[in-house]
A.B. asks: 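Structure provided below as structure tokens; questions to follow.
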Amino acid sequence: MNQNKDTIVKPSILSGFLELLPEDQIIFNNMLDTIRSTFESYGFIPIDTPVIEKAEVLLAKSGGETEKQVYRFTKGDNDLALRFDLTVPLARFVAQHYGVLTFPFRRYHIGKVYRGERPQKGRFREFYQCDIDIVGDEKLSVINDAEIVSVIHSTFKKLGLDEFTIMINNRKLLNGFFMHYGIKDNVEVLRIIDKLDKIGADNVRKELVASGISENVADEILEFTNLCGDPDDVISALRQIDIDNDDFVSGLEELETVWSYIKAFGLDSSEIEINLKIARGLDYYTGTVYETILNHHKELGSVCSGGRYDNLASNYTKKKLPGVGISIGLSRLFYQLREANVISVSGVKTTTKVLFVPLGDTSAYAIKTANYIRRKGVNTEVYLNDGKLAKKLNYANKLGIPYVAIIGEDEVKKNTVCIKDMNSGEQSVYTIDELTEFVKNIM
RNA sequence: GUGGGUGUAGCUCAGUUGGUUAGAGCGCCAGGUUGUGGCCCUGGAGGUCGUGGGUUCGACUCCCAUCAUUCACCCCA
């Protein structure tokens with residue numbers, strides 16, 4: 001019986017939403033596990049919050065741009081919104097549960113967030129963020145800013161990535177610099193500066209002048225933001241700049257402290273740089289800011305960024321709760337690694353290690369034996385449909401299952417299992433006792 | 001929100017200056033006899049050529065609209 005064609009709905013998902021096939025999902029999940037365990041190795045505590053929040057909570061602070069990107073809807077009388085990051089929910093969380101949390105509160109949070117913007121290469125409307133933040137009660141040492149870098153560095157290394165650069169800057173330093181030159185709209189200036197790599201110094205200079213900045217100051221800005229690279233070099237160059245401005249001075253001081261502790265964490269300038277051009281991110285950052293790029297895919301933007309905020313939860317509590325944190329854009333990171341073939345096709349489409357194939361009326365024995373090695377920690381599956389052996393072996397083949405246990409009348413009679421190595425094609429017969437040895441060998 | 005590209009089989013794409021029954025590769029299913037996969041051979045299923053109009057004797061091909069999708073700008077993970 002064929003379904004009427006008119007009633008068939010074309011199976012499709014919204015554009016901008018990432019959906020992976022099993023082969024990729026397995027790799028994605030492995031990355032996620034790696035990130036989670038690295039975060040926990042530094043003592044970060046897991047939380048999870050609802051994907052939907054009250055709009056008044058989520059949008060308590062937001063300025064124009066974020067508000068435009070928020071998925072917002074009503075259900076009955078409730079004004080609701082999907083979270084667009086994990087930091088705002090964190091602010092609500094710490095304010096709401098202030099009384100029972102222990103500070104400094106070191107939390108990690110891995111989850112999906114939503115932004116209703118036009119999809120583009122490596123940009124999604126729904127994507128995973130993996131956040132770590134450290135929230136202090138009234139105070140939070142700037143040493144934490146250095147630790148964040150260390151955590152991210154470890155995480156990327158554990159993920160098997162070597163070619164990345166964590167770029168560090170400080171908002172106070174920038175604000176102080178701009179103030180010194182009498183620039184009012186430093187957000188506008190930062191946006192123009194940010195285009196340096198894309199459009200070049202000449203065009204940036206033109207845009208700066210067009211925005212009302214004098215040519216002299218534009219040159220000063222270009223020269224300043226050109227400072228970039230080995231932190232020791234940048235810091236000594238910054239020391240030469242004669243700007244007597246509180247923000248500038250304390251920003252530089254913070255930057256120096258952060259760098260000195262980054263070194264204490266055992267890192268050097270091979271993956272860390274100071275880059276005075278990076279200053280973006282949400283506007284609540286007030287001190288250190290971070291951005292991380294893959295060296296061979298700079299054009300695809302930051303895969304991990306964050307920073308320091310003096311007062312995270314001011315919209316939800318009168319307590320002063322300073323914090324510092326960073327977020328890995330896992331969907332983007334995965335997508336880019338996949339595009340660049342850093343993650344290659346494995347051919348493995350299941351986590352099953354052993355497939356039991358019963359022939360004839362041997363399913364009960366196969367299930368019993370499968371249970372036995374499953375309890376020993378081996379991912380095990382039993383093929384429960386009728387069919388020729390060839391078809392069953394092909395099933396294992398297509399999914400990339402490395403071992404098949406063939407169970408026939410002979411095996412049942414002799415209380416044995418015939419295990420075939422799908423890569424070499426070799427088969428050997430094990431008694432139930434000998435299976436323990438087999439399990440040890442493949443774990 | 002602004003601007004460009006692309007819509008033909010499940011996937012990747014051919015399709016000659018408009019002309020008969022729209023093709024390939026991959027994938028899928030079946031077979032090449034009974035408990036041995038990957039390779040190979042044979043056969044099969046699967047498309048109202050995104051949708052709706054228009055031009056024409058005739059449109060996958062030309063024109064318009066619409067939808068979908070994608071890339072870029074803006075902004076960001």
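Labels below follow one simple rule: chain letters A, B, ... track the order of the sequence lines, proteins then strands, and each chain is numbered from 1.
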A.B. asks: List the residues meeting side-chain hydrogen bond (donor to acceptor under 3.5 Å, both in side chains) with Asn275(A), not counting sequence neighbours, and say none if there are none.
C.D. replies: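 With sequence neighbours excluded, Asn275(A) shows a side-chain hydrogen bond (donor to acceptor under 3.5 Å, both in side chains) to Glu273(A), given in chain and number order.
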
A.B. asks: Indicate whether OP1 or OP2 belonging to A72(B) is found under 4.0 Å from a side-chain N or O atom of Gln120(A).
C.D. replies: yes

A.B. asks: Between Ser331(A) and A77(B), is there a side-chain N or O to OP1/OP2 distance below 4.0 Å?
C.D. replies: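 Indeed not, no polar side-chain atom of Ser331(A) lies that close.
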
A.B. asks: Any base atoms under 4.0 Å from Cys304(A), or only sugar-phosphate, or nothing? Heavy atoms, all strands.
C.D. replies: sugar-phosphate

A.B. asks: Within the stacking criterion (centroid distance below 5.5 Å, interplanar angle below 30°), does Phe127(A) stack on A77(B)?
C.D. replies: yes

A.B. asks: In whole angstroms, how far is the C1' atom of G35(B) from the CG atom of Leu393(A)?
C.D. replies: 9 Å

A.B. asks: Rounded to the nearest Å, what distance is computed from the CG atom of residue Asp194(A) to the P atom of nucleotide C74(B)?
C.D. replies: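 From Asp194(A) CG to C74(B) P: 9 Å.
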
A.B. asks: Using the C1' atoms only, state how far A9(B) lies from C49(B), rounded to an integer number of Å.
C.D. replies: 10 Å

A.B. asks: Using whole Å, what does the distance between atom C1' of nucleotide G37(B) and atom NZ of Lys398(A) come to?
C.D. replies: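 To the nearest whole Å, that distance equals 11 Å.
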
A.B. asks: Would you say G35(B) has OP1 or OP2 under 4.0 Å from some side-chain N or O of Lys420(A)?
C.D. replies: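 For G35(B), neither OP1 nor OP2 has a side-chain N or O of Lys420(A) closer than 4.0 Å.
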
A.B. asks: What stems involve RNA chain B, if each pair must be Watson-Crick or G-U and both of its distances must be under 3.5 Å, with 3 or more such pairs in a row?
C.D. replies: B:1-7 with B:67-73, B:10-13 with B:23-26, B:28-32 with B:40-44, B:50-54 with B:62-66

A.B. asks: Rounding to the closest angstrom, what is the interatomic distance between U33(B) and G15(B) at atom C1'?
C.D. replies: 42 Å

A.B. asks: Which of the following nucleotides, C76(B), G31(B), U36(B), is nearest to the side chain of Arg332(A)?
C.D. replies: C76(B)

A.B. asks: Under a 3.5 Å cutoff, is there a donor and acceptor pairing between the side chains of Ser327(A) and Asp131(A)?
C.D. replies: yes

A.B. asks: Measure CD1/Ile278(A) against P/A77(B) and give the value in whole Å, please.
C.D. replies: 11 Å

A.B. asks: Looking at Ser15(A), does any N or O in its side chain come under 4.0 Å of the phosphate oxygens OP1/OP2 on U70(B)?
C.D. replies: yes

A.B. asks: Would you measure the distance from the C1' atom in C39(B) across to the matching atom in G18(B) and give it in whole Å?
C.D. replies: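 Pairwise C1' distance, C39(B) against G18(B), rounds to 44 Å.
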
A.B. asks: Phosphate oxygens OP1/OP2 of G35(B): is one of them under 4.0 Å from a side-chain N or O of Lys392(A)?
C.D. replies: no

A.B. asks: Ignoring backbone atoms, establish whether Lys391(A) has a side-chain N or O less than 4.0 Å from OP1 or OP2 of A30(B).
C.D. replies: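 It does, given that an N or O in the side chain of Lys391(A) lies less than 4.0 Å from OP1 or OP2 of A30(B).
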
A.B. asks: Classify the side chain of Glu126(A) and the base of A77(B) as holding, or not holding, a donor-acceptor pair under 3.5 Å.
C.D. replies: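 Result: no qualifying N/O pair found.
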
A.B. asks: Return whichever of Leu359(A) or Ser327(A) has its heavy-atom-nearest nucleotide of RNA chain B closer to the 5' end.
C.D. replies: Leu359(A)

A.B. asks: Does a side chain donor of either Thr87(A) or Tyr309(A) reach within less than 3.5 Å of an acceptor in the other side chain?
C.D. replies: no

A.B. asks: Look at all strands and tell whether Asp131(A) reaches a base, only sugar-phosphate, or nothing, counting heavy atoms closer than 4.0 Å.
C.D. replies: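 Nothing, no heavy atom under 4.0 Å.
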
A.B. asks: Does the ring of Tyr372(A) carry Lys368(A) above it, NZ/CZ under 6.0 angstrom from centre and within 45° of its axis?
C.D. replies: no

A.B. asks: Under 4.0 Å, heavy atoms only, any strand: does Glu411(A) hit a base, just the sugar-phosphate, or nothing?
C.D. replies: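 Counting heavy atoms under 4.0 Å across all strands, the contact made by Glu411(A) includes a base.
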
A.B. asks: Take the protein atom CG of Asn394(A) and the nucleotide atom P of U36(B), then report the distance between them rounded to whole Å.
C.D. replies: 14 Å

A.B. asks: Taking the same atom, C1', in G25(B) and in U69(B), what whole-Å distance lies between them?
C.D. replies: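 24 Å, rounded to whole Å.
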
A.B. asks: Taking only the side-chain heavy atoms of Arg123(A) (C-beta and beyond), determine which of U36(B), A77(B), C74(B) contains the nearest atom.
C.D. replies: C74(B)

A.B. asks: Have a look at Tyr128(A) and say if it touches a base, only the backbone sugar-phosphate, or nothing, with a 4.0 Å heavy-atom cut-off.
C.D. replies: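 Tyr128(A): no heavy atom of the nucleic acid under 4.0 Å.
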
A.B. asks: Which part of the nucleic acid, if any, lies within reach of Gly425(A) when heavy atoms closer than 4.0 Å are counted: base, sugar-phosphate only, or nothing?
C.D. replies: base

A.B. asks: Send over the distance from Arg125(A) CZ to A68(B) P, rounded to a whole Å.
C.D. replies: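 Rounded to the whole Å, the gap is 10 Å.
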
A.B. asks: Applying side-chain hydrogen bond (donor to acceptor under 3.5 Å, both in side chains), can you list everything that pairs with Glu271(A), at least two apart in sequence or on another chain?
C.D. replies: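 Per chain and number, Glu271(A) pairs via side-chain hydrogen bond (donor to acceptor under 3.5 Å, both in side chains) with His153(A), Lys157(A).
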
A.B. asks: For Arg308(A) and Thr286(A), which I'm curious about, is there any donor-acceptor pair between the side chains at under 3.5 Å?
C.D. replies: no

A.B. asks: In whole Å, I'd like the distance from the CZ atom of Phe17(A) to the P atom of A68(B).
C.D. replies: 14 Å

A.B. asks: In terms of ring plane angle, is the pair Tyr430(A) and Phe438(A) parallel, tilted or perpendicular, where the classes change at 30° and 60°?
C.D. replies: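 Rings of Tyr430(A) and Phe438(A): tilted, as their planes differ by 30° to 60°.
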
A.B. asks: Answer yes or no: are there more than 12 heavy-atom neighbours, outside Asn441(A) itself, under 6.0 Å from its atom CG?
C.D. replies: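 Atom CG in Asn441(A) is crowded, with more than 12 foreign heavy atoms closer than 6.0 Å.
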
A.B. asks: In whole Å, measure the gap between the P atoms of U2(B) and A45(B) for me.
C.D. replies: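 It works out to 48 Å between them.
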
A.B. asks: How far does the C1' atom of A77(B) sit from the matching atom of U61(B), given to the nearest Å?
C.D. replies: 43 Å

A.B. asks: Which of these nucleotides, A77(B), C71(B), G35(B), is closest to any side-chain atom of Lys121(A)?
C.D. replies: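 So the side chain of Lys121(A) is nearest to C71(B).
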
A.B. asks: How far, in whole Å, is U48(B) from G10(B) if one measures between their P atoms?
C.D. replies: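 8 Å, rounded to whole Å.
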
A.B. asks: Kindly confirm or rule out a cation-pi arrangement of Arg106(A) over Phe44(A), judged by NZ or CZ under 6.0 Å from the six-membered ring centre and within 45° of its axis?
C.D. replies: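 Pair Arg106(A)/Phe44(A) counts as cation-pi.
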
A.B. asks: For the side chain of Arg118(A), starting at C-beta, report the closest nucleotide among U2(B), G35(B), A77(B).
C.D. replies: U2(B)

A.B. asks: Measure CG/Leu389(A) against P/G35(B) and give the value in whole Å, please.
C.D. replies: 7 Å

A.B. asks: Provide the distance between the two C1' atoms, one in U56(B) and one in G44(B), to the nearest whole Å.
C.D. replies: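 My reading of the C1' atoms in U56(B) and G44(B) gives 39 Å.
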
A.B. asks: What nucleic acid atoms does Lys112(A) come within less than 4.0 Å of, heavy atoms only: base, sugar-phosphate, or nothing?
C.D. replies: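 Counting heavy atoms under 4.0 Å across all strands, no contact is made by Lys112(A).
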
A.B. asks: For the residue pair Tyr114(A) and Tyr71(A), does the interplanar ring angle fall in the parallel (under 30°), tilted (30 to 60°) or perpendicular (over 60°) class?
C.D. replies: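 Correct class here is perpendicular.
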
A.B. asks: When you match Lys388(A) and Gly301(A) each to their closest nucleotide on RNA chain B, which lands nearer the 5' end?
C.D. replies: Lys388(A)

